[in-house]
Amino acid sequence: MIAATIAWDNDLSWSWGNAVSALRATLCKLSSFIAKFPKQPPRTSIIISHNIPSKVEWDLAVNRALQMIQKNHSLLTKVVLARSTRVVPTDDIDPLSWLAALQVEGADAYQFFLQPPNAAAFIGNTPEQLFHRKWLHITSEALAGTRARGATTTLDQVALDLLSSPKEDMEFTIVRETIRSKLEAVCENVLVKPRKAIRKLPRIQHLFAQLTGRLRSEEDEFEVLSSLHPSPAVCGFPTEEAQILIADTEVFDRGMYAGPVGWFGGGESEFAVGIRSALVEKDMGAWIYAGTGIVEGSDPYLEWDELELKTSQFTKLLKLDLPQRQKVDVYEH
């Protein structure tokens, strides 16, 4: 689907006919350009890889967050801390080809590509829906808790651990109940079904719930967007306390990472959450983003492994070509 806005002004000799003719010419160029991109990884190697924060800095940040959560009279129950991984390849990465290769990772996910003129491209393969509205009917999703998929059906039973883990249940419940309360403010008859299930992706799995409701007014969709973002899945709970800790702790700018990506359009609107994403810039390489939810019981080492798992869908498509010494230096710096 291609949506376009047509502007014309007969007084400036740019008539409706001229505007439509120009649009048709543009569409002809587009139709000749659009093609099925081969789902092949970029032919390039990583020569520099650098994490912000480093592993040592990450451990300190998670422990600080845990101290805040456990502090007497603290309202904070969850905060999502993120990491930016800078990769510099031997050759420029074509963001569109990279995104096409990512599609094998997300048959049940949103792929997005945003690139203003002469600017970096923001791409992603996100499994998380913020909301979808069709007239007055609205759906949203709660997604939290992470485990790797097993190599075999037997090993994939790790999902049972995800379902039974008190720590993961706490993190997931915060997300689900916060989204429900925000929807109830503008909706009638909010239903949660399933209340907690497993959402399996090709290399990762999460706890999942779907929420549905009926808006009291179509105009409320703007309130839904501003209310649901940032969700506890990318920020924390309560929102204000989590935002303060993130601002004080994270040493990089998230930019568009974890922001809402989508569209408003008459009788239907849809937004996803811009996670599992990367910023790709010509001659500069790419910045790959990932975050994890920190709650009571979180382990800095396991949370770091989760970051590695989430970014692996990007990095596995690039050949690692770092000298052994450089790998160690980058990891510990």
Is there a donor-acceptor pair under 3.5 Å between the side chain of E184 and the backbone N or O of E188?
no
Heavy-atom nearest pair, L136 first then S217, reads CD2-C, 3.9 Å
Non-hydrogen atoms of T126 and A272 that approach each other most closely:
CG2-CB, 3.9 Å
Has the side chain of S164 got a donor or acceptor atom that lies under 3.5 Å from a matching backbone atom of L160?
yes
Side-chain heavy atoms of I294 within contact of K78, under 4.5 Å:
no
Got a sec: does the CD of E268 have more than 12 other heavy atoms crowding it under 6.0 Å?
yes
At their closest point, which heavy atom of Q313 faces which heavy atom of L102, and how far apart are they?
O-CD2, 3.3 Å
Value rounded to 0.5 Å, distance of SG in C187 from CZ in R216
7.0 Å
For a quick check under 3.5 Å, do N10 and S15 share a side-chain donor-acceptor pair by atom type?
no
Scanning both residues in full, the closest heavy-atom pair of L228 with F131 reads CD1-CB, 4.1 Å
Dump the intermediate steps for side chain to side chain contact (heavy atoms under 4.5 Å, CB included) on T146 and K310, then the final yes or no.
CA-CA 9 Å; T146 303; K310 289 175 176 176; 3.6 Å; yes
Using a 4.5 Å cut-off on heavy atoms from C-beta on, say whether the side chain of L66 contacts that of N63.
yes
I want to know whether F264 and F271 have ring centres closer than 6.0 Å.
yes
Backbone N/O of P53 and side chain of N51: donor-acceptor pair under 3.5 Å:
no
Could you tell me if R24 and T26 have a donor-acceptor pair between their side chains, going purely by distance under 3.5 Å?
no
Heavy-atom side-chain contact between S231 and E128 under 4.5 Å:
yes
Provide the closest heavy-atom pair for G293 versus V80 in the form atom of the first, atom of the second, distance.
CA-CG2, 4.1 Å
With a 3.5 Å distance limit and no angle check, can you tell me whether T311 reaches the backbone of E308 through a side-chain donor-acceptor pair?
yes
How far does CG of L81 sit from SG of C235, to the nearest 0.5 angstrom?
10.0 Å
Test of understanding: clusters of I, L, V, M, F, W, Y form through side-chain heavy atoms closer than 4.5 Å, transitively. Do L130 and F208 belong to the same one?
no
F252, CZ: over 12 other non-hydrogen atoms inside 6.0 angstrom
yes
Considering residues at least two apart in sequence or located in another chain, which fulfil the ring-ring contact (aromatic ring centres under 6.0 Å, His included) criterion with W14?
none
Between R64 and D248, is the side chain to side chain contact (heavy atoms under 4.5 Å, CB included) condition met? List the steps.
CA-CA 11 Å; R64 181 188 177 196; D248 290 343; 3.9 Å; yes
S74 side-chain N/O to M68 backbone N/O, donor-acceptor pair under 3.5 Å
yes
We want to know whether Y110 and E270 form a side-chain donor-acceptor pair, criterion being a heavy-atom distance below 3.5 angstrom.
yes
Flag the pair I123 / W98 as yes when at least one side-chain heavy-atom distance between them is below 4.5 Å, and no otherwise.
yes
Ion pair check, E141 and R199, cut-off under 4.0 Å:
yes
Can D161 and R147 be said to form a side chain to side chain contact (heavy atoms under 4.5 Å, CB included), step by step?
CA-CA 9 Å; D161 174 61; R147 290 289 189 280; 2.8 Å; yes
Counting distance only, does the side-chain N/O of R176 pair as donor-acceptor with the main-chain N or O of R195 below 3.5 Å?
yes
Heavy-atom check, side chain of R203 versus side chain of S312, under 4.5 Å:
yes
Sort out for me which residue in R83, E303, E171 forms a side-chain hydrogen bond (donor to acceptor under 3.5 Å, both in side chains) with T292.
E303
With a 3.5 Å cut-off and sequence neighbours excluded, list the donor-acceptor pairs that the side chains of residues 273-284 form with protein atoms.
unit_1, atom_1, unit_2, atom_2, d
R276, NH1, H206, NE2, 3.4
R276, NH2, H206, NE2, 3.3
S277, OG, G274, O, 3.0
K282, NZ, D92, OD2, 3.4

Sidechain-backbone polar pair: W58 side chain, P300 backbone, donor-acceptor under 3.5 Å
yes
Establish, from distance only, whether the side-chain atoms of E57 and S54 form a donor-acceptor pair under 3.5 Å.
yes
Side-chain touch L245/L76, heavy atoms, less than 4.5 angstrom:
yes
Does W135 have R214 sitting over its ring (NZ/CZ under 6.0 Å from centre, angle to axis within 45°)?
no
Establish, from distance only, whether the side-chain atoms of Q210 and T139 form a donor-acceptor pair under 3.5 Å.
no
So, does K196 use its side chain to make a donor-acceptor pair with the main chain of L163 at under 3.5 Å?
yes
Which pairs, with at least one residue in residues 276-295 and sequence neighbours excluded, count as a ring pair (Phe, Tyr, Trp, His ring centres under 6.0 Å)?
Y257-Y289
Aromatic contact between F113 and F122, with the criterion being ring centroids under 6.0 Å apart: yes or no?
no
Any donor-acceptor pair under 3.5 Å linking the side-chain atoms of R86 with those of S49?
no
Separation of L207 CG from L143 CG (nearest 0.5 Å)
8.5 Å
Backbone N/O of V295 and side chain of S298: donor-acceptor pair under 3.5 Å
yes
So do the side chains of T77 and I174 get within less than 4.5 Å of each other, counting heavy atoms only?
yes
